[in-house]
Amino acid sequence: MTWDDFTKKVKAFFTGKKVADSVDTSPYDEGEKDLIDKLGQLDEEFKNSDNYDPGKGYEDISDLLPEKQTFEYLKYEGDDEDTIRSNTKDKYDALLEDEKKKVDDALNTKTAVVENKKQATDEEYSQKQEQIDRDYDEFQKALEQELVKKGLYRSSIKQGQTQANEQARAWESNELSSKRNVDISSLDAEIARLQGEANTAIQQLDLSYAQQLDSEIERLLDKRNKEIASIDKYNNTLKEKETKYIEDRAKAIEAQLAQRLKDELTIKNMEDKYGYVGAKKENYQKRFDMAYDYYSALPQDVALQMLQKNKQLEEYLGAYYGRLITEIAKTKK
């Protein structure tokens, strides 16, 4: 048995009228449509009035509250670990090169001073050697002139004196060369010392900057990790708020629905017991009168058939719907 069959049996029981299974109602459809439109207007008027039934007048929380809250999540926009390492290394490499250049420039300046001393010393000893050569050449010349005057130029005396003169020259030149070598060696040692100090300074720079680089990278990575952790904590808080909002919204909708059903049931019980009152009674009475005027003017079987089929009519008439069926069923045609 279908729901329509069951409805027919119930209504036939209360009205004592058996409704025909099939009645052609099409000639009256347009008129019924006009009636429904007018009832709809009365329904809208009532809903828009201050006397609208609070049991029907809920503004759904599901419409008032969005399905989810949209939060502005934070995103870490800093450099990644590889970029931090690369950029920091480039920075400290550049600083290290600048410091090394200062060491090299200082070394070159100091070395140039010593090289100038070395060149000046070498020139000084060269001049002294030239002076020795000039002195011994003049002595040899004077000796030869003296021997010529004495007629001894070709004697063994000349040979002996000349040999003694060259030996003296050689000895004095060797002494001068030895002093020159000592002084030049001292200056070379000074240059080597300066170079050694520069090498040590560069090695210390390499070590110092390597330590500073590692320390700076560690500091920056620690800062990055803390920023990411802070952002994650903030975003997790937003996610928790978002989840709680969805849960609270669902609870609010559920609570409102339960309250609404409770209120509607209370109102329905009151209206079933005492009927509509006030403005609602007046409005629904107008609906009933309008519907009764229309359906009572139709053939009874047609009217009853249309009343059973029109679910919207039942919605517009409310408690007056059953009364309308009863009144139409009692009508003698």
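What you see is a predicted model, and the numbers here were worked out from it, not measured in a lab.
Using modelled atom types, one finds no donor on one side chain facing an acceptor on the other under 3.5 Å when comparing Tyr294 with Asp34. Side-chain contact annotation: Gln312 with Tyr316, donor-acceptor N/O pair under 3.5 Å present.
Using modelled atom types, no side-chain atom of Asn310 and backbone atom of Met306 make a donor-acceptor pair closer than 3.5 Å. One N or O on the side chain of Asn283 and one on the backbone of Leu42 form a donor-acceptor pair closer than 3.5 Å. Formation of a donor-acceptor pair under 3.5 Å by the Ser177 side chain with backbone atoms of Ser173 is not found in this model.
Here Leu220 sits in one hydrophobic cluster together with Ile84, Tyr92, Leu95, Leu96, Val103, Ile202, Leu205, Tyr209, Leu213, Ile217, Leu221; the rule is ILVMFWY side chains under 4.5 Å apart, joined directly or through other members.
For Lys110, the NZ atom is loosely surrounded, since the number of other residues' heavy atoms within 6.0 Å does not exceed 12. Crowding of Tyr73 atom OH: a count of heavy atoms from other residues, nucleotides or ligands under 6.0 Å exceeding 12.
Using a 4.0 Å cut-off between a side-chain N of Lys or Arg and a carboxylate O of Asp or Glu, Asp43 and Lys47 qualify as a salt bridge.
Phe288 carries Arg323 over the face of its six-membered ring, with the cationic atom under 6.0 Å from the centre and within 45° of the normal.
With Asp133 as reference, Gln129 is the one residue of Gln129, Gln131, Glu130 to meet the side-chain contact (heavy atoms from CB on, under 4.5 Å) rule.
No continuous path of hydrophobic side-chain contacts links Tyr234 to Tyr245 [ILVMFWY only; heavy atoms under 4.5 Å].
Residues satisfying the ring-ring contact (aromatic ring centres under 6.0 Å, His included) criterion with Tyr284, sequence neighbours excluded, are Tyr276.
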With a cut-off of 3.5 Å and sequence neighbours excluded, list every side-chain donor-acceptor pair involving residues 189-196.
| unit_1 | atom_1 | unit_2 | atom_2 | d |
| --- | --- | --- | --- | --- |
| Glu190 | OE1 | Arg193 | NE | 3.2 |
| Glu190 | OE1 | Arg193 | NH2 | 3.4 |
| Glu190 | OE2 | Arg193 | NH2 | 2.5 |
| Arg193 | NH1 | Glu197 | OE1 | 3.4 |
| Arg193 | NH1 | Glu197 | OE2 | 2.4 |
| Gln195 | NE2 | Asn199 | OD1 | 3.1 |

